[in-house]
Amino acid sequence: MNESFALPRRDPSFLGRTELVDDVLPGYLDRADDGVPVVLNGRVGIGKTVVSSELAHRQHSRYADVSWIDMATSGSGHSAERIAACLTTVSGRSGPHLLVLDGVSDPEDVVRYLPQDETKVLITSRADTGIWHRIARVIQVPVLPREESVRLLRTQVHGLTEADAMRLAGALDDLPLAMENAASWLTSGMTPEQVLEQLESSASKILSGYRSSDFPGSLAGRLSKATRALAAGSEEDQRMLHLLHALAVLGPDPFPTRALRSDRWEVSESDAQRLLTIYDLHRRLGGLRDRGLMILQTGAAKLDEMSGAVIRDLLVARPEDETGAFSLAEQLLVAAVPERAAPEGAWGDWALVAPSVLAVDPANIRTEPGRKALLGTYGYLVDSGRYREAIDGLGSLRMAWAEYFAQHRADELVVMSVLARAHFGRGHYEDAERLNLQVYLESEREMGPSDPRTLAASVYCALDLGAKGHHSDACQLARQSWLEQCKIFGQESRPAMLTGSYLARLQTTQDPAQAYQLGLNIYRLQRDHLGVRHQHTLDTAHHLALCLVALHEFRKALPLLEETLKCRKEILPPGHPDTLWTAAHYHLLSADLGRPVSQSAAHWTCDGLRKAFDRDHHVVRRLTAMAKR
């Protein structure tokens, strides 16, 4: 055999994938008598080359000759010439021949030159393109199962504990090449903690391998080569690279392309915003998938976590590319965020888009539509009960936008109001009161006492007073705001209905009969105008049931709580605090009436409320005591 086409050295550390190497691939090759090649397909670092090499070594005795051509090696001649030269070396020999073409970037490079005889052809390619599926039998190479990843790391790194191997495998996305690169650092003396820290700060350094000679074969090296090829390619290639950069800064969660709205797509001819239509976007996503750089799912585009980390590191070295990436990422977000608030039925849309919005450093959100999208996302976090996440994120946002807020105080007041709601949900009533009072005073001074924002702020101040036990003052303030909203917007307006519901809630401890009558009127209005399953309607229903409890109408309260709990479980995200509070009151009232209560449900409710609520609330204490019985 000509040494130019000899098999690469066998990897002594190869582990796992027994079914793929011993059964699936040989079976596909045995059925390849019709001249149809077999393609091993998968993303960068998944292990296509090492799997095909191990297969060739294991199956070598079954073939008269086994030839290997590294199609990705530069300077080795054209594809046609290399394939022809290889086939010439084995011509005239009897018996089957296995030809492995490793690293084919484009099917068009080889499809016309494949042998038409009994030669079995195995191709590795990261290109996921429809052409392969039309001319070959395609096998997708999966990531290693976690237990095999752990075995691989512990085999390569003497003394590595199973716990550390588990953490590393998870952080490295179970990619064989990434784990090999990390193992080289571990054997050089780095600790698992140092490797994990470096992955957080600069993944490309770890994923380049310990020795400089490792770089061409490392995950970082291969991704760098792929992005350089796009940068040096056609204008369309460069635009694909621009999109890849944008999706990298939006990672690691899938970006929901299904959420994009063409009517909110800002058409621009600038270099920073090269996607002119939704059609352009999907065409370029397809091009990135065909090059093995993108995973396309139904309605979503995903750049795997390790590749995204490396590409983000590469962007840091090119400020002009990084600026363009954030600009395009912001444009994508603006076109994807829902227009409706979460309580109006857009929970699913928000859940899809929020991870991509929150992945971007707020300092890199520069336009008014982008800032609106980010503020809307934090409003969704609060609506969905993710109070802690909202508090932490809004703190970072306020620091990042300090200069902007100094010039746009109205937007800062919006942030403060959302932050106050998050603190209130956590039981931080003093923090909520401080923020709401500041928003109220500034709104009243700048916009007047009858401005909708001033009235909304006064209502939140009333809730703060009620939470601290100042029920009389709370009711007086809420009533003033409600009457003013009824006069300005009408009793059936959403602001007036919401404030009326809050007023009924605050009145329950003062005058439950009056609170019940007001709450019932508001509930009927909300059912008619918002629907029975709207979050605001369900809030009113919950507190209407508590009014009935205060009036000792227990048997009327229980079915109302039960129906409210059922609706909340159906429309709210799992473990939402509103669902938990309704469940807590339902369990307690059921127990008081001698009804059986599931211990597992009571424990689940207790655990959820403890996570959501920082204070030692009396409802949680009662439910905990009941669950222990």
Between atom CG of L358 and atom CG of L374, what is the distance when rounded to the nearest 0.5 Å?
7.0 Å

Going by atom types alone, do N181 and S184 pair a side-chain donor with an acceptor below 3.5 Å?
no

Between E330 and R366 (salt bridge meaning N to carboxylate O under 4.0 Å), is one present in this structure?
no

Can you find a heavy atom in the side chain of M240 that is under 4.5 Å from one in the side chain of L243?
no

Heavy-atom check, side chain of F255 versus side chain of P355, under 4.5 Å:
no

Using a cut-off of 6.0 Å, state whether more than 12 heavy atoms not belonging to M190 lie near its atom CE.
yes

Distance-only, no hydrogens or angles: does the S208 side chain make a donor-acceptor pair with backbone N or O of A220 under 3.5 Å?
no

CD-CG distance between E19 and L25, expressed to the nearest 0.5 angstrom
10.5 Å

Determine whether the side chains of D578 and Q535 contain a donor N or O and an acceptor N or O closer than 3.5 Å.
yes

Does some side-chain heavy atom of M306 sit less than 4.5 Å from a side-chain heavy atom of L172?
yes

Does the distance from a Lys or Arg side-chain N to an Asp or Glu carboxylate O, for E322 and R312, drop under 4.0 Å?
no

Got more than 12 heavy atoms from elsewhere within 6.0 Å of CD, E236?
yes

R43 side, atom CZ; L177 side, atom CG - distance, nearest 0.5 Å
11.5 Å

Quick check: do K205 and D313 have side-chain heavy atoms less than 4.5 Å from each other?
no

With V415 via side-chain contact (heavy atoms from CB on, under 4.5 Å) - residues at least two apart
L375, L394, L397, R398, F405, E412

With a 4.5 Å cut-off on side-chain heavy atoms, are R386 and Y380 touching?
yes

Looking at E403, I want to see if its CD is surrounded by more than 12 non-hydrogen atoms of other residues, nucleotides or ligands under 6.0 Å.
no

Using modelled atom types and a 3.5 Å cut-off, is there a donor and acceptor pairing between side-chain atoms of R426 and backbone atoms of R388?
no

Expected output: side-chain T187 to main-chain A183 donor-acceptor under 3.5 Å
yes

Using side-chain heavy atoms (C-beta onward) and a distance below 4.5 Å, is S105 in contact with S125?
no

Any donor and acceptor pair, going by atom type alone, linking the side chain of D290 with main-chain N or O of G287 inside 3.5 Å?
no

Once you round to the nearest 0.5 Å, how far does OH of Y113 lie from CD1 of I83?
8.5 Å

Give a yes or no on whether the backbone of T49 and the side-chain of S52 come within a donor-acceptor separation of less than 3.5 Å.
yes

Output yes when a side-chain donor or acceptor of D173 lies under 3.5 Å from a complementary backbone atom of L175, and no otherwise.
no

So, the side chain of S307 versus the backbone of L303: is there a donor-acceptor pair under 3.5 Å, distance only?
no

Kindly check if the number of other-residue, nucleotide or ligand heavy atoms within 6.0 Å of CZ (R409) is above 12?
yes

Side-chain (S188) to main-chain (W185) donor-acceptor, under 3.5 angstrom
yes

Please name all residues satisfying ring-ring contact (aromatic ring centres under 6.0 Å, His included) with H408, sequence neighbours left out, ordered by chain then number.
Y404

K302 atom NZ: more than 12 heavy-atom contacts under 6.0 Å
yes

Quick check for you: to the nearest 0.5 Å, what is the distance between H242 atom NE2 and L247 atom CG?
10.5 Å

Are the side chain of Q156 and the backbone of L153 linked by a donor-acceptor contact shorter than 3.5 Å?
no

Side-chain H-bond candidate by donor/acceptor type, D102 with T124, under 3.5 Å
yes

Looking at E235 and R239, is there a salt bridge between them, counting it only when a charged N and a carboxylate O are closer than 4.0 Å?
yes

Rounded at 0.5 Å granularity, tell me how far CG in L381 sits from CD1 in I391.
11.0 Å

So H428 and H423, would you call those rings parallel, tilted or perpendicular, with 30° and 60° as cut-offs?
tilted

Are L223 and L293 side-chain neighbours, meaning at least one heavy-atom pair lies under 4.5 Å?
yes

Does a donor on one side chain sit under 3.5 Å from an acceptor on the other, for T155 and R151?
no

Taking the side chain as C-beta and beyond, is there a heavy-atom pair between E193 and Q198 under 4.5 Å?
no

Within the distance-only criterion (no hydrogens, no angle test), does the side chain of R17 pair as donor or acceptor with the backbone N or O of P142 below 3.5 angstrom?
yes

